[in-house]
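Scroll down for the structure; my scribbles are underneath it.
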Amino acid sequence: MSLVISQSLGLTVIGDGVPLRNSRRNSEKSKLFLVNRKRLTRAALVQAKPREDGAMETPSPSSKPPVIQYRRADLAEDLQAEARALARAVDASVYSPELIAKKHGSQPLKALRRSVEILSALGGFALKLGIDQRQGKLEVNMKKRASELRKIFTRLGPTFVKLGQGLSTRPDLCPPDYLEELAELQDSLPTFPDAEAFACIERELDLSLESIFSSVSPEPIAAASLGQVYKAHLRYSGQAVAVKVQRPGIEEAIGLDFYLIRGVGKLVNKYADFITTDVLALIDEFACRVYQELNYVQEAQNARRFKKLYADKADVLVPDIFWDYTSRKVLTMEWVEGTKLNEQVAIESQGLKVLDLVNTGIQCSLRQLLEYGFFHADPHPGNLLATPDGKLAFLDFGMMSETPEEARYAIIGHVVHLVNRDYEAMARDYYALKFLSPDVDVTPIVPALRDFFDDALTYTVSELNFKTLVDGLGAVFYQYPFNVPPYYALILRSLTVLEGLALYADPNFKVLAASYPYFAKRLLTDPNPYLRDALIELLFKDGKFRWNRLENLLQQGSKDRDFSAKEALQPVLKLLLDPNGEELRLLVIKEAVRVSEAIALGTVVDTYNSMPVFLRSLVFSGNGNGNGPLAMSATELESTLELRDQVSRIWSLLQSSEGFDPAILQPLVQVLQQPEARRLGGRVAGGVGQRLAARFLQQLLRATTPSSSPNA
């Protein structure tokens, strides 16, 4: 039943249906109401409905929350609000090894206590590893030890939870069993008192809680290592919002931990020669990323940038930011109603399909990773929601990463080399991807790649399980002197998570199969020189054009909703007529002669087959050829007709692509009017004429030879 408190404040407390953590907490809240009514209202779940006269109306238990949609301010007002939020975060801490050393080095007793706590936990674990190694059970007990390490990190608190999550993305540092176990780390830490959270909101925003919100949930609806989240309604509009509040003292605790961890990193770099990676640099890079997460204004800017880049698609939702209620320790954003992506039954009960949502996630992830390079680095099920209208909502933008531009193209090229099973080229790709320093010899790596992929690629690349690929590559990375950049490790993790979610709904789902249309579209349409070279490499082999590859690319690319035949044709034409494209032109001329001949000979065969039998014998009598009017073997004839049919199918694929219009060929006409194109056309016609003339002479010779033999 409802209990109305302080109508002068316009606040209503709803007592029914609010799950409190335990009866003790419920009792404490009752005492708090008797002692301090104002503090109770802040800790209570509140629903208030504005009336037309501006007063607050008490809802019935069955009434719904107000539905007043947030209206985005104009650009100038939005920028001003963001500037005010930035001003509130001007004193946000930035990671500095020197500053944390100066601060915590002057507090030896505090550092000593924390060191003992960490060493007692990790020392016992290290002792078990030593015993395993001595008894020869390191491999046997690896999964068990990995599980124990995950539990230790959880007990040690936020820094080590984050550290474990970071290690779970580093296949060059951890064996596969540890990667899998540490990926299970969750930010499941105890909540901190609501009174502290509400005091933090008022302090950070310099406003009273009642002036901002008409309602706030009585306890957090989610808690993580760095903060906890409340659901609230804005007083001025009734808009439902999520309010994230930073955990008190978290910056101090994280700073102390990284001070101690850096000390260990220095010792490892100095004495552990068998570790080739610069551990101290990794620690500093990771600490910098965690400190960025502590600045909620930075997270808000990440969310805005993500929305601008990727929410242009109708099936992707990114919540809006409320800048006037955001600071370095408080983040207020649009509330999103939805279901976690791993709750398949709940999703399908709404008439939605998990696989459709996962495909949306994969396509969005590919755009993030390979198109713009700015991507969500922590896409676990809690950060991906299915909305009731079928959209995929992204949440939590604290951990973001970027793929360097040159790496985006190198990754696509890497996929091409994988399709071609060109392991030497794959190994060389690791230079461009910055996995290996230029002085490392990749020769020993090639057999390892060949051994793994020849076994894994029993079928096509699109049928390869992505986790199998990640595990196999992880084993190779762990054995050789790789230094996997964080962006690449996070890419693997994000796609692995999405495939894992899809496998709940369809055990046969393959993330590479779902990704291939995007790769095909990029190869066919992207004018970047690196990708154009990759396309040529895919289509030409030993001086011959592989029409089956082009047909497959068009079939796959047409499945991508953004594919356009116009985009696919233009870059090819420009490349063909480039002043430096002589080698490609020679290949194209040779292939154009083959295709033109196939079409011409195919027409002759079709004409011959359409004739009545008696007419065939009159026209082509005595030629001694069992394959109709042409002096060709059955194999050669079959190959020629298959080539003609492939070209015909490819043309049909282009015509059937969305938005196809013959007018798009106008640039082709313009290009063919250029001197170089006219010379190309003449050479094609000449080549076809020569080959048809040669075949005609062969036909005549075959027809006359049998009759002249008796007179010899």
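- In this structure Arg113 satisfies the side chain to side chain donor-acceptor pair (under 3.5 Å) test with no other residue, sequence neighbours excluded.
- Judged as a ring-ring contact (aromatic ring centres under 6.0 Å, His included), and not counting sequence neighbours, the contacts of Tyr291 are Tyr95.
- Residues forming a salt bridge (Lys or Arg N to Asp or Glu O under 4.0 Å) with Arg328 (at least two apart in sequence, or on another chain): Asp91.
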Would Arg289 and Lys162 satisfy side-chain contact (heavy atoms from CB on, under 4.5 Å), going step by step from the backbone distance to the final call?
CA-CA 10 Å; Arg289 193 179 298 275; Lys162 290 292 180 186; over 6 Å; no
message: With side-chain contact (heavy atoms from CB on, under 4.5 Å) as the criterion, how do Leu122 and Phe153 come out once you've worked through the C-alpha distance, each side chain's angles and the decisive distance to 0.1 Å?
response: CA-CA 9 Å; Leu122 294 179; Phe153 279 172; 4.1 Å; yes
- Candidate pair Met400 and Arg305, rule side-chain contact (heavy atoms from CB on, under 4.5 Å), full reasoning: CA-CA 11 Å; Met400 309 295 290; Arg305 182 181 174 190; over 6 Å; no
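- Residues passing the side chain to side chain donor-acceptor pair (under 3.5 Å) test with Asp356: none are found, sequence neighbours excluded.
- By the salt bridge (Lys or Arg N to Asp or Glu O under 4.0 Å) test, Glu204 pairs with no residue at all, sequence neighbours left out.
- Under the rule for a salt bridge (Lys or Arg N to Asp or Glu O under 4.0 Å), Arg203 has no partner lying at least two apart in sequence or in another chain.
- Applying the side chain to side chain donor-acceptor pair (under 3.5 Å) rule to Thr326 yields no partners; only residues at least two apart in sequence or on another chain are considered.
- For Asp206, the CG atom is loosely surrounded, since the number of other residues' heavy atoms within 6.0 Å does not exceed 12.
- For the salt bridge (charged side-chain N to carboxylate O under 4.0 Å, His left out) criterion with Asp257, the lone passing option out of Arg262, Lys110, Arg114 is Arg114.
- Of the N and O atoms on the side chains of Asn302 and Gln298, at least one donor lies less than 3.5 Å from an acceptor on the other residue.
- Evaluation of the salt bridge (Lys or Arg N to Asp or Glu O under 4.0 Å) rule for Lys308 yields no partner, not counting sequence neighbours.
- The side chain to side chain contact (heavy atoms under 4.5 Å, CB included) search around Gln292 returns Cys288, not counting sequence neighbours.
- Take Lys340 and apply the side chain to side chain donor-acceptor pair (under 3.5 Å) test, not counting sequence neighbours, and it matches no residue.
- The ring-ring contact (aromatic ring centres under 6.0 Å, His included) search around Tyr310 returns Phe306, Tyr372, not counting sequence neighbours.
- Taking the side chain to side chain contact (heavy atoms under 4.5 Å, CB included) definition, one finds that Ala87 meets it with nothing, sequence neighbours left out.
- Side-chain atoms of Thr191 and Glu219 include no donor-acceptor pair closer than 3.5 Å.
- Under the 3.5 Å distance criterion, with hydrogens and angles disregarded, a donor-acceptor pair is assigned to the side chains of Glu251 and Ser93.
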